[in-house]
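Below is one structure, written out as structure tokens; comments come after it.
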6 protein chains.
Amino acid sequence: MKCKVENLDWVSYERLVSNGDRKIIIPVGAIEQHGPHMSLNPDVLIPDYIACRVAESAQNMLVSPPIAYGYKSQVKSGGGNFFPGTTCVSSQSLENYVHDVILAFVEHGNREFLLINGHFENSMCLVEAADRAVRQARLAGIDIKVILLSYWDFISEETIGKVFPDGFSGWAVEHGGVLETSIMLKIHPELVDMSRAVDIPPAEFPPYDVFPPDPSWVPESGTLSSPLKATAEKGEWILEECISRIAATFR
Amino acid sequence: MKCKVENLDWVSYERLVSNGDRKIIIPVGAIEQHGPHMSLNPDVLIPDYIACRVAESAQNMLVSPPIAYGYKSQVKSGGGNFFPGTTCVSSQSLENYVHDVILAFVEHGNREFLLINGHFENSMCLVEAADRAVRQARLAGIDIKVILLSYWDFISEETIGKVFPDGFSGWAVEHGGVLETSIMLKIHPELVDMSRAVDIPPAEFPPYDVFPPDPSWVPESGTLSSPLKATAEKGEWILEECISRIAATFR
Amino acid sequence: MKCKVENLDWVSYERLVSNGDRKIIIPVGAIEQHGPHMSLNPDVLIPDYIACRVAESAQNMLVSPPIAYGYKSQVKSGGGNFFPGTTCVSSQSLENYVHDVILAFVEHGNREFLLINGHFENSMCLVEAADRAVRQARLAGIDIKVILLSYWDFISEETIGKVFPDGFSGWAVEHGGVLETSIMLKIHPELVDMSRAVDIPPAEFPPYDVFPPDPSWVPESGTLSSPLKATAEKGEWILEECISRIAATFR
Amino acid sequence: MKCKVENLDWVSYERLVSNGDRKIIIPVGAIEQHGPHMSLNPDVLIPDYIACRVAESAQNMLVSPPIAYGYKSQVKSGGGNFFPGTTCVSSQSLENYVHDVILAFVEHGNREFLLINGHFENSMCLVEAADRAVRQARLAGIDIKVILLSYWDFISEETIGKVFPDGFSGWAVEHGGVLETSIMLKIHPELVDMSRAVDIPPAEFPPYDVFPPDPSWVPESGTLSSPLKATAEKGEWILEECISRIAATFR
Amino acid sequence: MKCKVENLDWVSYERLVSNGDRKIIIPVGAIEQHGPHMSLNPDVLIPDYIACRVAESAQNMLVSPPIAYGYKSQVKSGGGNFFPGTTCVSSQSLENYVHDVILAFVEHGNREFLLINGHFENSMCLVEAADRAVRQARLAGIDIKVILLSYWDFISEETIGKVFPDGFSGWAVEHGGVLETSIMLKIHPELVDMSRAVDIPPAEFPPYDVFPPDPSWVPESGTLSSPLKATAEKGEWILEECISRIAATFR
Amino acid sequence: MKCKVENLDWVSYERLVSNGDRKIIIPVGAIEQHGPHMSLNPDVLIPDYIACRVAESAQNMLVSPPIAYGYKSQVKSGGGNFFPGTTCVSSQSLENYVHDVILAFVEHGNREFLLINGHFENSMCLVEAADRAVRQARLAGIDIKVILLSYWDFISEETIGKVFPDGFSGWAVEHGGVLETSIMLKIHPELVDMSRAVDIPPAEFPPYDVFPPDPSWVPESGTLSSPLKATAEKGEWILEECISRIAATFR
């Protein structure tokens, strides 16, 4: 994949970034359970895939190695941090790591960044990492711009209607459900085993959180809604929309 | 106000908490602009008011001094951190401060906490502060329980229907709008001047964030929707529901 | 109270601070036992009260929300961190929090700050917070000035003579004694119950500290000297002198 | 690849690790220039490849997602941190990130870890991350064991003799030279372009370091010795030895 | 000097500390100007000297290498951090360094510590270092005891009367004055040149601090009172009292 | 010793550094066991001695107080952190402390630094401290230069041949062996007792590290090779070469 920074040699990379108008996309995800029917890495693979497709389409972008370990999974958005396989780091570790990566790319002359997030719980950590990186660069007399997006925010209501013809239960319970499973069926079918998908009604939660989390709040399967109606075709609809809209916005 | 820890002498406080079943409510807010018609402190005063009313109603609770300075205001939820008067701290500062306050109360023998949040942007910082406090107490052999809630999550759809008879534009744009203004009209009418309220359509934002933030994205007034239809009566409806539901849940 | 930043709307606040000559007063206190006869918050309420009175008198000042949780109480100045109700944070948490608050006000264009301290143990944390804020602002090309004072340092020997006609036992044992109690009787009589004040001789301590602290060093009541001769009139003498001298110095 | 934690669903993962005797291998690398003939990721791909082969061979091991961004490249071991494409983080960021990842796997019940390092400069950061993780787990009453190795330490003198029949210039200048290039030719020939390899004598350095680094110390190509005699066959010799010895030692 | 940990071989050290009743004295000082007549190290040399004499006298103590770089000099106690030669570190650096040193000695089986401070500004950093070390050891199930003292607190009023027959100007201005100079004349006469001592009246300061500090507040010489009446004999009186009282208290 | 910063008064120091061309040498060592025949401080005393000799020879250098507590001893280079007497700090504590010391000297106008390291394990911490200090000074518009060296890297192969006429077992096992012992016999014979030196073959270690460390890997004496053939004369050869080469390089 030519869009990948890591696959370039440094001379080729330098040639691409030397005039300072290249945008660096940094996918940020998580290693987090997504039900018995799917691997632990959708939050990494999906933003990484979108990043590459956007970069190929937009031509003035490069994709950095994804940051795989994200902020702690929360019960009501990711099932909770107590599931085997969910492997997360603290907010300070994630913030500092992302902050440093942005500033390392700044040293190569890059000035624009796209953080593509695949894990809801990362959001505020990425806000802080971006904000601090912008301020730190400013102290050195350098103005940078960091765009932060979660890919699902580029899915239109129309597409939601197509993907969920029987009604959408809401973003809050999409963890491991039709949306993520459909995308994975499209881009990594080998990591999905629909025969093990568990049919459950959308999870319902009280309007607060508790620490330490209470595992009995979460469906046993770990997904927050049923992935049974996921298909690769739906995944394709979602991806094409996200990719084309993101590329169109930031190209 | 008898519910306030800070107004007690230590002997009276000790008597109240000595059997370990008292719950400590910690209101957490922010100093953040809420439009030209309202003071900078609704995010502090509202959770503090709710906390006291819940404590009075539930009788086994005490309210700690609120934490006034919260995490950095974001464009799409609070107008952005660049407004004069918006006075915010970094995530690490907020997390560590809240973490330490919880553990200080643990040293007095308290084991249950209610963090009542009044500022959306604080959410993930409070998650991390609570999670770390629980783990740190555990290392010392002490099991504590921390409930984290944002008061607006206890408002029912029915009440939303009553407060917004012409339709609800969504939580995302409620910053400085009918909801917060109504509550402030009820509890601190002296801090609201409806003659200065600015009528605007609900703000619309692109599906991403940018750092440094772009002030042109935000309505000049700083609110994200119009506060014009706010009334003290609506404030009362909202508060009564929040207070009674929170008290009923955690009593 | 018009002097309070938090009670202003952002447009009014901006108008006041826009020419950059406004001084921001930040009261910093602690939640700490002050004997069975008094609430836990004198170290917050006293500097906050003085700040407002100074601001009203000097006219070019505004008062920020006080920082309520301070550095850990020490045996020989505050009775020690083991008393129920004494609720303190680590030095790093306090330093970082205050540092961030100062720099947030710098972003609004403010350049001069008055930290009014009400809790002896905060002193060196505030030194470090001020020093780091000055240096950090300097990196961004901004010169700020931070004044740090503890209000009791503005009390003259003459006033001490009037307040303690039978002889002054020294600042070291004034915790919860005549001085703080008199001020509280003046500004918050509802938080003092002189019928519960305990008469003790001034505490005596060895010339060193021990960690973990030894509770047997401290009078059972938690005060370090007797508050019995406190009166609201004495409180008025002290306050008037502090307020007029602070206002005269920094106006 | 079945050895990869991230490719498992959580139920399968839990079954594998539930009796606590599984070893988790964490590859740690860097994004760092390796000359004009090779991509930026050998330090990630090589330990990740070795990890998977070891895990397949040993059968009681699983491989975690590699940590891609490592500690700052140094002039005398990696060419220096100023090369375009070299994208590194601070020691504290790397230590904290790795520390958190280890402890997240501990929460799943794992007790043994193999950190396989592919980037010399990471060494002491991994020492500290491992040491702190062991101590932190101990505070929670859990004994863990962390093995730390750099794969090149498993290459025998005999193999060195075969790979460098004309004499070995020493480990210090192997950056981007015959050793790493040969391995990459074996496992990722598509990321090596031998036609762009630059023939240089082994770099010579003074017996000290200087900060900021002096680019004139480093060969223009960025490698510290000539990669020209690299072949996939040599890569195979090296890998087979590393893999079999590591597997034999830790199986 | 047999009292010095660093001069022992490990086998001899182990024999001394193996029954766990040895006390470790850690001198903590600063590199700070003390006027044109004296070297930069009195705050290190004096507590180190006292530590060794106490250890020799008490017989169950050992002295660790002194910590030479202390917290930032303040105008009113040390002349301020802007003097050439005054070489100080941040509070967090000092706290963490001392904290780690204490806990390293705990790993050898030691349970009692004496921090002998020679630099006023270190005081609260040492409080925090001691408090955190005690808590951290406690998490590991180990109870330690840390005594913190500043040597001058062991000087009696009687001795003050003898040293200052013309009246004592107070501790606040003793920086580089008769007290420290006398001690240095006794223990390191080669580091004092009385011909360069500057005669000044005791410094007077306003009752607040300012950041950045204002050099014009400080006497040009850097001392806060006149050292002219210092003699080695006075130094001996002071030292003998400090040493005998400290030894008697902690033996 | 006139080369020592700490022994100067501030006026003399200022005169020496005022034109900004003075180089500050900062010796950094460790308190670490070096066998039953030698004290715990060779890693401090040796770089401090070399620093003073270099400074005397080069004339444009001054030596700062050495930093005595270094990074945690490792099994294969220093015997491991579990030996009684080995007294080490974390990487973050060491990095921050050294970073602050460098920047304090920068405030006096100094722009060039020589870190002379005496403890292998400090190396990467000093890299990070130097790198961060250079960057931080740069933010303030100040360019500094930090040289980092470990003294043993200035010993020639010829001298090694003379010191080890029967063959050199390699740097890796020189801990407490002929090299360090010879130097100590030359500069501090009172801290070496050759009658207690233990004769052992060079230690052999597996090609990896394990945490927590396994004491059975390390020779009981704590040295990694035999010190028996150490002599003061050999120490003199080594020192003269190091001193003359370092002085010649940086003068």
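So that the names make sense, note that chain A is the first sequence line, chain B the second, and so on, each numbered from 1.
- Residues B/Asn96 and C/Asn96 have side chains that never bring a donor and an acceptor to within less than 3.5 angstrom of each other.
- Crowding of B/Lys186 atom NZ: a count of heavy atoms from other residues, nucleotides or ligands under 6.0 Å not exceeding 12.
- Comparing C/Asn110, C/Leu94, C/Leu45, C/Ile67 by how many heavy-atom pairs each has under 4.5 Å with chain B, the most go to C/Ile67.
- Of all residues spanning residues 119-142 of chain C, none has a heavy atom less than 4.5 Å away from chain B's heavy atoms.
- Between chain B and the residues C/Gly35, C/Gly222, C/Cys88, C/Pro66, the most heavy-atom pairs under 4.5 angstrom are made by C/Gly35.
- Contact of C/Tyr69 with chain B is made through backbone and side chain together, with heavy-atom distances under 4.5 Å.
- Ring planes of C/Trp10 and B/Phe83: perpendicular class, angle over 60° (limits at 30 and 60°).
- When C/Ser18, C/Ser221, C/Pro42 are compared by the number of non-hydrogen pairs under 4.5 Å with chain B, C/Ser221 comes out ahead.
- In this structure, chain C has a heavy atom under 4.5 Å from the side chain of B/Tyr13, while its backbone stays farther away.
- In terms of heavy-atom proximity, B/Val101 sits nearest to C/Val89 at CG2-CG1, 3.8 Å.
- In this structure the side chain of B/Glu6 never reaches within 4.5 angstrom of the side chain of C/Leu191, judged on heavy atoms.
- Side-chain contact between B/Arg196 and C/Ser12: present, with at least one pair of heavy atoms (C-beta onward) separated by less than 4.5 Å.
- In terms of heavy-atom pairs under 4.5 angstrom with chain B, the leader among C/Leu8, C/Val44, C/Leu103 is C/Leu8.
- Atom CD in C/Glu107 sits 6.5 Å away from atom CG in B/Asn81 (nearest 0.5 Å).
- Contacts between C/Thr86 and chain B at a heavy-atom distance below 4.5 Å involve the backbone alone (N, CA, C, O).
- In terms of heavy-atom proximity, C/His108 sits nearest to B/Pro84 at CD2-CA, 3.9 Å.
- Contact annotation: the side chain of B/Pro65 approaches that of C/Ile31 to within less than 4.5 Å [non-hydrogen atoms, C-beta and beyond].
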Dump the intermediate steps for side chain to side chain contact (heavy atoms under 4.5 Å, CB included) on B/Tyr97 and C/Val98, then the final yes or no. CA-CA 10 Å; B/Tyr97 199 68; C/Val98 175; over 6 Å; no
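- Of all heavy-atom pairs between C/Val5 and B/Leu40, the closest is O-CD1, 3.3 Å.
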Should B/Ser39 and C/Asp9 be marked as a side-chain hydrogen bond (donor to acceptor under 3.5 Å, both in side chains) after you check the CA-CA gap, both sets of side-chain angles, and the distance that decides it? CA-CA 4 Å; B/Ser39 58; C/Asp9 68 276; over 6 Å; no
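- Counting only heavy atoms from C-beta outward, the side chains of C/Val11 and B/Gln33 never approach each other to under 4.5 Å.
- One N or O on the side chain of C/Asp100 and one on the backbone of B/Ser90 form a donor-acceptor pair closer than 3.5 Å.
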